[in-house]
Amino acid sequence: MAELKNFQYTPKDFKSDQEVRWCPGCGDHAVLNAVQKALTELGIPKEKFAFISGIGCSSRFPYYMDTYGFHGIHGRAAAIATGVKTANPELSVWDITGDGDALAIGGNHFIHAIRRNIDINILLFNNEIYGLTKGQYSPTSEKGLMTKTSPFGTVEEPFSVGELVIGAKGKFFARTIDANVALSTQIYVEAAKHKGTSVVEVLQNCVIFNDGIHDKVAGREVRDDRTIILKHGQPMIFGKENEKGLVLDGLKLKVVKLGENGISGKNLLVHDAQEANPGIQYMLANMRYPDYPVALGVIRSVEGKTYDTDVEEQIMGIQKGAKIKCMDDLLNSGSVWKVE
Amino acid sequence: MAELKNFQYTPKDFKSDQEVRWCPGCGDHAVLNAVQKALTELGIPKEKFAFISGIGCSSRFPYYMDTYGFHGIHGRAAAIATGVKTANPELSVWDITGDGDALAIGGNHFIHAIRRNIDINILLFNNEIYGLTKGQYSPTSEKGLMTKTSPFGTVEEPFSVGELVIGAKGKFFARTIDANVALSTQIYVEAAKHKGTSVVEVLQNCVIFNDGIHDKVAGREVRDDRTIILKHGQPMIFGKENEKGLVLDGLKLKVVKLGENGISGKNLLVHDAQEANPGIQYMLANMRYPDYPVALGVIRSVEGKTYDTDVEEQIMGIQKGAKIKCMDDLLNSGSVWKVE
Amino acid sequence: MTKNSQVIEREEVVIRFSGDSGDGMQLTGTLFSDTAALFGNDLSTFPDYPAEIRAPQGTVGGVSGFQVHLGHSEINTPGDYADVLVAMNPAAVKANAKWVKQGGTIIFDKDNFTDKNIEKAGYKSDPVSEEKLETYNVIAAPISSMVKEALKDFGLDPKSVLRTKNMFALGMVYWLFDRKLKYTEQYFDKKFARNPEIAESNKVALRAGYYYAETIEALNPVIKIEPAQIAKGTYRNISGNAATAWGIIAAAEKAGLKVFIGSYPITPATGILEELAARKDLGVKSLQAEDEIAGICTALGASFAGNLAVTSTSGPGLALKSEAIGLAVMAELPLVVINVQRGGPSTGLPTKTEQADLMQALYGRNGECPVVVIAASTPSDCFIYAFEAAKIAVEHMTPVLLLTDGYLANGSEPWKIPSMKDLPKINPPFADKKEIPFLPYKRDCETLARSWAIPGTPGLEHRIGGLEKTLKGTVSYIPENHEMMVKFRADKVAKVADNIPDLKIWGEESGDLLVVGWGGTKGYLMTAVRELQSEGYKVGLAHFNYINPMPKNVNDAFSKFRKIVVAELNMGQFADYLRMKYQDFKYAQINKVQGLPFTIKELKEKCIKLLEEK
Amino acid sequence: MTKNSQVIEREEVVIRFSGDSGDGMQLTGTLFSDTAALFGNDLSTFPDYPAEIRAPQGTVGGVSGFQVHLGHSEINTPGDYADVLVAMNPAAVKANAKWVKQGGTIIFDKDNFTDKNIEKAGYKSDPVSEEKLETYNVIAAPISSMVKEALKDFGLDPKSVLRTKNMFALGMVYWLFDRKLKYTEQYFDKKFARNPEIAESNKVALRAGYYYAETIEALNPVIKIEPAQIAKGTYRNISGNAATAWGIIAAAEKAGLKVFIGSYPITPATGILEELAARKDLGVKSLQAEDEIAGICTALGASFAGNLAVTSTSGPGLALKSEAIGLAVMAELPLVVINVQRGGPSTGLPTKTEQADLMQALYGRNGECPVVVIAASTPSDCFIYAFEAAKIAVEHMTPVLLLTDGYLANGSEPWKIPSMKDLPKINPPFADKKEIPFLPYKRDCETLARSWAIPGTPGLEHRIGGLEKTLKGTVSYIPENHEMMVKFRADKVAKVADNIPDLKIWGEESGDLLVVGWGGTKGYLMTAVRELQSEGYKVGLAHFNYINPMPKNVNDAFSKFRKIVVAELNMGQFADYLRMKYQDFKYAQINKVQGLPFTIKELKEKCIKLLEEK
Ligand SMILES: Cc1ncc(C[n+]2csc(CCOP(=O)(O)OP(=O)(O)O)c2C)c(N)n1
Ligand SMILES: Cc1ncc(C[n+]2csc(CCOP(=O)(O)OP(=O)(O)O)c2C)c(N)n1
Ligand code: SF4
Ligand code: SF4
Ligand SMILES: [Mg+2]
Ligand SMILES: [Mg+2]
């Protein structure tokens with residue numbers, strides 16, 4: 001296979017000639033950079049990438065990538081991407097979507113792509129708002145948020161993206177922050193390498209309609225204390241001085257201080273992204289400020305059969321022993337009779 | 001409020017004059033009976049019930065109920081029911097749906113109704129097949145099932161209904177079996193009384209297209225050993241002779257025999273349906289034969305604010321202090337000027 | 001088997017099998033048709049079943065029917081009225097009595113005419129007298145008792161015994177029409193190879209019925225229909241849905257593409273998905289999507305990726321696909337959207353036929369959003385038009401909407417099997433290296449189609465999407481560019497007219513009345529026009545398969561008749577469309593919206609009325 | 001403030017504010033309009049912004065504009081060409097130069113005309129010479145420097161200082177047209193009550209601009225437009241979207257119902273949802289649904305439950321709602337579906353205007369599925385037609401599709417506030433106790449509407465749904481029942497014609513050319529026809545608000561003109577519809593599909609050409 005060759009790209013190779021039209025300061029710019037970087041690390045020839053999106057600010061993404069791209073309709077990116085990948089499993093298929101696109105109108109395709117475990121990479125730009133339509137609340141907006149369609153505050157409970165993903169049988173879930181390009185790049189690479197539906201929730205800032213919504217956890221000042229970067233096989237440690245960690249207290253997670261109450265590094269939970277039973281991963285994905293640090297990194301990454309290869313294998317298996325090899329065979333199969 | 005009066009109905013009061021058109025032997029008949037029974041126990045006047053459905057065999061249900069009823073379009077029952085309840089929170093609103101209706105085409109409305117926690121009761125008839133269209137696989141069909149659209153077996157992982165519900169922020173999830181009318185009646189009553197979205201998964205038999213699919217767990221011979229009926233506050237015990245139980249082994253559930261290895265009733269897990277943290281409830285909802293007994297009963301039942309009352313409260317709060325009381329006020333508010 | 005009865009020959013005959021949903025009438029009808037087809041008759045069949053899977057036993061709502069029309073001469077419809085009605089219970093009589101020819105034969109299972117069943121069917125006492133069937137040839141056979149008797153030594157449970165009633169009835173019908181049992185017997189041997197007892201019991205019941213009919217001389221004289229004069233070749237029976245699926249696979253083979261179908265089940269279109277799902281041997285990828293929107297969107301994705309992509313549905317599903325069809329129009333990707341029309345609006349009459357989705361097919365999308373619309377007109381020509389739809393879609397880089405209907409989908413007829421070498425080649429306008437830098441919206445001068453650059457091809461990377469674009473694929477809000485692109489897309493569709501055949505006038509080429517139809521009514525309209533002609537009227541038939549664009553000679557063809565009448569199974573959608581397109585003619589209308597095909601009788605009456613008016 | 005310059009009076013003037021998306025042009029335009037309206041001018045405004053939230057600064061794609069047309073006489077459009085263009089950067093010149101009247105005034109921020117910006121806008125050197133604007137009144141004001149200077153003592157950060165540039169420009173424009181600053185100053189006092197420094201800085205910038213213009217005598221003579229002769233009453237400015245929302249609330253009040261809106265945001269319809277979401281004081285329940293389908297389905301549920309239910313969307317969303325509209329047709333429940341048309345197909349030109357959803361509105365559903373379709377024609381009459389839509393929906397128990405468009409939705413104009421007591425009462429056909437047993441599909445003899453039995457009412461329990469039904473609400477596949485119901489539903493919609501006003505011909509009642517239009521183009525067509533009349537042509541205008549059913553006198557009205565031309569912002573959808581409905585007339589067409597309104601100039605030219613042809 002061609003992919004085995006080592007393709008030497010720089011991020012610039014993935015920049016299209018189209019003018020990037022996001023607002024200055026929008027988190028989307030950083031995501032674009034990180035993705036362009038990540039692609040250089042995959043050793044996949046450029047023509048094998050297909051970027052599919054729905055509608056939203058984030059969904060303009062494919063225009064800025066010098067790859068195959070399809071800017072779809074609102075909410076349908078996962079379905080279109082599923083078709084692309086099923087039709088041609090050789091492609092590296094990316095589904096670029098927003099919290100509105102994936103979780104409001106596109107919720108159904110989102111959970112079904114995940115259930116089928118089709119091998120696509122979903123980057124969900126979560127700015128907790130509808131950016132492109134100028135500021136209405138989304139299914140991830142915090143309860144109470146005042147927006148143009150909730151002038152007195154929303155009365156809706158938001159989805160927790162990770163929980164929904166795993167609840168829909170998701171086998172890969174990761175979370176990152178737009179501005180952390182290094183972490184993001186690494187996560188996008190992992191997502192791409194994972195066989196099956198990979199969902200990456202990107203905490204993304206919309207400077208215009210929901211500015212700073214992630215600052216309380218991701219702000220420069222506080223992020224070390226309010227986020228934890230999970231790494232498979234590593235103890236769950238965080239804090240400015242790496243002084244905090246997570247342990248299991250009965251069936252719940254608990255934040256502890258190292259050194260206090262005799263707690264040391266080896267008491268901490270060790271992250272197992274590959275554990276099939278999602279119990280702890282659910283809890284990790286659901287950690288919210290102020291009770292917990294918000295988890296970044298790859299929270300769940302479990303191997304499993306993928307839809308696209310299963311489809312191909314089934315066809316190949318059947319074709320092997322099949323009597324019908326071409327249309328003429330089919331036409332003349334079964335009950336036929338001759339008129340002379 | 002009128003509801004406080006005690007309404008004395010018999011199931012017959014809820015039978016409409018329309019001929020019941022399900023196949024003889026279909027599990028739907030039993031569900032109808034159980035629901036008609038359950039309604040007599042609620043003390044709600046008949047005219048306050050609204051049964052809303054989508055399309056499918058199961059969705060014909062409202063025609064057979066002598067209540068207000070709306071047979072909708074495929075997949076949209078949850079959305080229609082949401083509208084009914086939001087418009088008139090005084091109604092007792094029931095959403096009757098199938099595994100195809102709720103989880104295939106209707107998946108998005110389903111998860112969003114749950115997320116909003118609108119106070120409706122969703123009865124999901126899970127026969128793991130599309131009945132009305134004559135036998136295609138559904139999002140709950142077991143992988144490998146041969147059906148008209150998967151003549152060589154499906155290659156899709158099914159949803160686990162309970163997991164999806166909780167993953168979508170569900171606060172009430174129960175499971176029952178069509179044929180167990182007594183258990184079902186009780187669960188429907190609990191579902192009705194729960195404030196918020198109640199989802200009841202009914203393991204339902206389709207005699208024509210998926211006959212006996214639940215038999216391996218629910219068959220008369222085996223059901224005591226292969227199902228467990230969970231009751232809030234009670235130890236998790238099951239088996240023909242009540243000889244088995246569930247304990248927690250690390251972070252996983254484990255089936256144990258009472259008396260063996262010194263295990264007695266008090267070592268067993270006690271079911272807490274009201275625990276907000278869904279950790280164990282996830283595991284309970286996900287128990288599958290042959291590793292575990294399948295859980296029946298109310299698995300999760302957590303109180304929370306409901307969308308419909310929040311909407312009403314917000315409006316009432318705003319109206320209290322509002323300057324604009326009628327349309328004339330609005331018309332003349334803000335920047336206006338007179339031409340004389 | 002010797003025959004004592006007299007035998008007469010007839011040109012054609014119509015038989016209707018009917019009974020409870022569980023009585024196996026669909027199989028019975030199919031076996032009868034197969035036997036007739038093998039014998040060499042021309043024929044046409046139509047099943048008619050309730051929306052419920054098993055509606056309550058014994059009720060009119062639960063009656064399932066299968067009609068076969070066979071003949072020595074050309075047969076174009078399943079027939080209006082039956083010569084023979086097989087009615088397994090009183091409800092079947094109730095549902096069908098008015099569809100039996102005056103004085104026809106009615107066979108029923110006397111044992112099933114219990115008081116309870118009679119009442120369930122809505123009769124008070126005796127169906128025969130209530131329906132005034134005394135002058136008919138009513139054969140009240142004790143079918144249930146007879147099969148019990150015939151199978152008493154088999155040791156089968158009573159249910160299995162009674163399940164062979166339909167074969168008993170079929171045996172009787174075979175005798176009535178002097179048919180051989182061989183094919184049916186072989187069918188059982190094959191079907192129940194692993195269960196020879198069941199095979200045998202069915203065969204015994206079949207024979208028992210045959211001999212019973214002979215014994216009581218059920219029909220005198222016995223009717224014989226000689227084989228039809230049909231073209232030499234190899235034949236098979238095919239239903240519209242199977243033919244549609246096969247047309248797609250054939251087109252893919254001719255285009256060198258793989259088939260991808262993304263669909264969601266819906267009556268009466270599901271058969272297409274089912275047929276394609278079964279064709280993994282030919283490499284078909286079928287994706288049963290979570291809903292209709294995902295159905296078309298996965299298909300569109302597959303088209304982008306270079307497959308011959310199809311999505312199939314019925315009316316309500318087409319409504320859901322509207323938005324994505326718009327995207328296909330903007331993306332200018334090939335896509336075949338198959339809509340098997342059923343009774344509407346909304347869920348309507350889901351198992352019945354109708355032609356009321358025409359306007360939706362033409363206009364059911366936001367913006368100026370033209371697609372090619374074509375319609376099949378017989379069960380077997382679904383193959384041709386599915387092939388054509390795929391060919392146009394690929395060669396013109398456009399979505400094509402193929403309309404069939406419940407009648408075509410479920411109906412079947414003998415079909416002369418084509419040879420793949422006789423089908424035209426399909427040439428996808430693949431982009432190639434010469435086109436680097438690739439301009440996604442650059443067009444072929446002749447067809448105005450853009451070229452198709454398949455992901456995976458080095459150097460042809462490009463972006464498309466639903467926003468208005470320039471030639472280069474850049475998003476553009478420039479007013480003049482938008483207007484230009486709107487016109488390009490319209491012209492591209494209009495130019496398909498260069499590649500479609502002229503409208504043919506069937507019957508008289510000019511005269512007093514031109515009957516105009518489209519889609520699935522063709523057999524009925526042809527039969528009516530043929531009969532009118534034979535009665536001396538100057539009548540022609542213009543039947544449309546290409547709806548948008550229209551053939552180029554329509555004006556010309558229309559102008560040769562004194563009157564035009566548009567006959568369709570809706571309230572006049574095609575008539576209205578013609579008013580828009582060919583405003584100069586006046587159009588009379590024949591419409592029917594009953595979930596049923598036309599009858600020849602009503603068509604002729606209405607035409608004659610028009611012919612006789614000034 | 002004294003004026004040294006000369007002052008002349010003009011009938012009307014058009015001003016266009018334009019700049020980067022971040023430059024605050026929408027606010028600037030709105031403040032100017034409000035001031036003009038308070039002064040008593042008639043006016044019409046139109047914003048025009050890019051699809052991106054902040055397209056790249058300094059590029060043509062990122063230019064946001066706001067046009068105001070004000071006059072002493074009646075103003076029906078925002079105007080074709082501007083007398084004054086305010087251009088905050090070179091890109092704004094690039095985007096708008098061709099829309100400035102020959103010799104008009106152009107004010108720009110000289111400080112922003114850096115080499116970089118000039119290049120970004122796509123110029124090589126000097127925009128003024130490249131656009132050949134030398135003969136125009138070009139005022140190159142150093143706006144940035146001036147505000148820095150004016151606000152230097154405020155201690156604001158540079159960004160906040162520069163954010164007042166628009167007010168400087170506005171101040172200049174006020175001087176040009178001899179306007180008072182008072183209203184704008186009050187606006188800032190109120191808006192920034194908690195932040196007096198910001199209020200003050202804006203006011204200072206405003207005044208600085210005013211005095212600067214005076215100092216340099218930016219325009220000589222200054223133009224004065226006297227107040228218009230408008231009817232007495234209380235006025236306000238209102239946009240189409242707000243008027244639509246208000247019309248619904250007003251109808252609910254008149255019907256004694258509560259408003260429920262189930263919607264999903266989409267440009268340019270979102271404003272309706274936003275406006276209704278803000279009206280909790282009037283008890284409006286607004287549900288932002290997960291998608292358009294849920295939007296309409298929640299609304300339909302609310303209608304079933306007894307609310308005045310509404311769903312609002314734009315083209316792609318309407319496509320998604322098609323299936324559920326069918327259900328509403330079958331359920332025969334009142335429902336208002338508002339479609340704010342935008343440029344299509346697919347995502348198309350989402351922020352631009354177009355009239356290309358007409359066919360979709362009329363026919364975009366499966367089966368025979370008629371709904372009432374009406375269209376608003378000015379920003380303020382959106383109120384009337386939303387009210388009408390609700391009234392018809394409720395009184396006739398039918399979905400009503402209300403069409404507006406991006407131009408109406410965002411455009412605004414002064415509106416004489418109606419008094420609720422002058423609006424007609426709305427009478428919902430509630431079922432009552434007398435109707436027990438309740439027959440859901442029993443109809444009123446006159447309107448053919450069924451009655452509305454609200455869940456919660458004892459004794460009226462009943463079932464409805466999308467399958468075909470009998471009078472009693474029982475599912476029925478009986479062929480004749482289906483046909484009867486199909487016709488009932490069609491007749492019910494047709495009978496709405498009894499309650500709608502006759503088509504009025506504006507201008508000449510008979511003559512050489514009848515201009516026909518519908519919906520949002522009314523202001524343009526009226527202006528064009530008025531000008532043609534004043535030039536001596538015998539021209540009339542027939543503008544339609546009621547599309548299905550049509551007013552009863554159309555035939556009559558059409559027959560009085562020698563020629564008919566249908567002008568619309570699409571490829572001819574209404575013209576085609578007229579061909580179907582009134583086949584006897586010939587229809588010429590004027591079409592434009594550029595995402596823009598007509599210009600008076602192009603309309604007149606095309607009409608004159610038709611008038612001069614034989
Ligand atoms: C069918 C349809 N419905 C609605 C819209 C309007 N719309 C465009 S983007 C969007 C939401 C965008 O939110 P999100 O997906 O979070 O993306 P963001 O802009 O925040 O990146 C909406 C409602 C549309 N384009 N199409
Ligand atoms: C829009 C639309 N798509 C498809 C269908 C066809 N359809 C009717 S019911 C059904 C599935 C039913 O399955 P389920 O919800 O599991 O109900 P069951 O019949 O098994 O009770 C389908 C696909 C339809 N009626 N409408
Ligand atoms: S509106 Fe928000 S999300 Fe959209 S481009 Fe601007 S900053 Fe980014
Ligand atoms: S098909 Fe299956 S689900 Fe439907 S009525 Fe029959 S048994 Fe029940
Ligand atoms: Mg967002
Ligand atoms: Mg099912």
Side-chain angles (χ1 to χ4, degrees), chain C residues 50-51 61 293 314-320 322-323 326-327 329-331 341 343-352 354 356-357 359-360 362-369 465-468 475 477 479-480 482-483 486-487 489-490 570-571 573 576-577 579-580 583 586 592-596, chain D residues 50-51 61 293 314-320 322-323 326-327 329-331 341 343-352 354 356-357 359-360 362-369 465-468 475 477 479-480 482-483 486-487 489-490 570-571 573 576-577 579-580 583 586 592-596:
Chain C
I293 299 175
S314 184
L318 185 62
L320 288 168
S322 343
E323 190 204 5
L327 178 60
V329 166
M330 281 300 246
Q341 298 168 95
S346 192
T347 312
L349 271 71
T351 59
K352 306 291 173 187
E354 207 161 281
D357 293 347
M359 282 300 192
Q360 177 177 231
L362 286 163
Y363 302 116
R365 291 165 295 278
N366 60 300
E368 291 292 347
C369 197
L467 285 165
E468 192 59 279
V475 174
Y477 306 127
E480 294 75 16
H482 177 47
E483 188 157 279
V486 165
K487 287 184 176 157
R489 288 186 292 261
N570 59 33
M571 298 279 278
Q573 301 187 5
D576 272 345
Y577 180 61
R579 289 183 183 105
M580 274 167 45
Q583 212 192 321
K586 288 275 163 226
K592 180 173 180 177
V593 200
Q594 305 192 351
L596 294 172
Chain D
I293 299 175
S314 183
L318 185 63
L320 290 168
S322 345
E323 191 205 7
L327 178 60
V329 166
M330 282 299 245
Q341 299 169 94
S346 193
T347 312
L349 272 70
T351 58
K352 306 289 175 188
E354 208 160 282
D357 293 348
M359 283 301 193
Q360 176 177 233
L362 286 163
Y363 301 115
R365 291 165 294 280
N366 60 299
E368 290 292 348
C369 198
L467 285 165
E468 192 59 279
V475 174
Y477 307 126
E480 295 76 15
H482 176 48
E483 189 156 279
V486 165
K487 286 185 178 156
R489 287 185 290 263
N570 59 34
M571 298 279 279
Q573 300 188 6
D576 272 346
Y577 180 63
R579 288 182 182 107
M580 275 168 43
Q583 212 192 320
K586 290 274 164 224
K592 179 173 181 177
V593 201
Q594 304 192 350
L596 294 173

On a heavy-atom basis, which atom in [X] and which in [Y] lie closest, and how many Å separate them?
{"X": "C:His482", "Y": "D:Glu354", "answer": "NE2-OE1, 2.7 Å"}
{"X": "D:Val593", "Y": "C:Glu483", "answer": "N-OE1, 2.6 Å"}
{"X": "D:Met580", "Y": "C:Arg579", "answer": "O-CD, 3.7 Å"}
{"X": "D:Leu467", "Y": "C:Pro350", "answer": "CD2-CD, 3.5 Å"}

For the candidates [options], which exhibits the highest count of non-hydrogen atom pairs separated by less than 4.5 Å from chain D?
{"options": "C:Gly595, C:Pro479, C:Gly364", "result": "C:Pro479"}
{"options": "C:Asp576, C:Asp357, C:Leu327", "result": "C:Asp576"}
{"options": "C:Ser346, C:Ala331, C:Ser314, C:Gly317", "result": "C:Ser346"}
{"options": "C:Arg489, C:Glu468, C:Lys592, C:Met330", "result": "C:Met330"}

Could you check which of [options] has the highest count of heavy-atom pairs closer than 4.5 Å to chain C?
{"options": "D:Glu368, D:Lys352, D:Glu323, D:Gln341", "result": "D:Glu368"}
{"options": "D:Gly315, D:Ser322, D:Pro316", "result": "D:Pro316"}
{"options": "D:Gly326, D:Ala319, D:Gly344", "result": "D:Ala319"}
{"options": "D:Leu362, D:Leu596, D:Leu320", "result": "D:Leu320"}
{"options": "D:Leu318, D:Val486, D:Val329", "result": "D:Val486"}

Check against side-chain contact (heavy atoms from CB on, under 4.5 Å), D:Gln583 and C:Gln583
CA-CA 6 Å; D:Gln583 212 192 320; C:Gln583 212 192 321; 3.9 Å; yes

Side chain / backbone / both / neither for C:Ala490 at chain D, heavy atoms under 4.5 Å:
side chain

Taking C:Asn366 for the side chain and D:Pro345 for the main chain, is one N or O donor matched with an acceptor at less than 3.5 Å?
no

Any heavy-atom pair between the side chains of D:Ile293 and C:Ile293 that's under 4.5 Å?
yes

Do D:Lys487 and C:Met571 come within less than 4.5 Å of each other through their side chains, counting heavy atoms only?
yes

Can you tell me how far apart CD (C:Gln360) and CZ (D:Arg365) are? Round to the nearest 0.5 Å.
9.0 Å

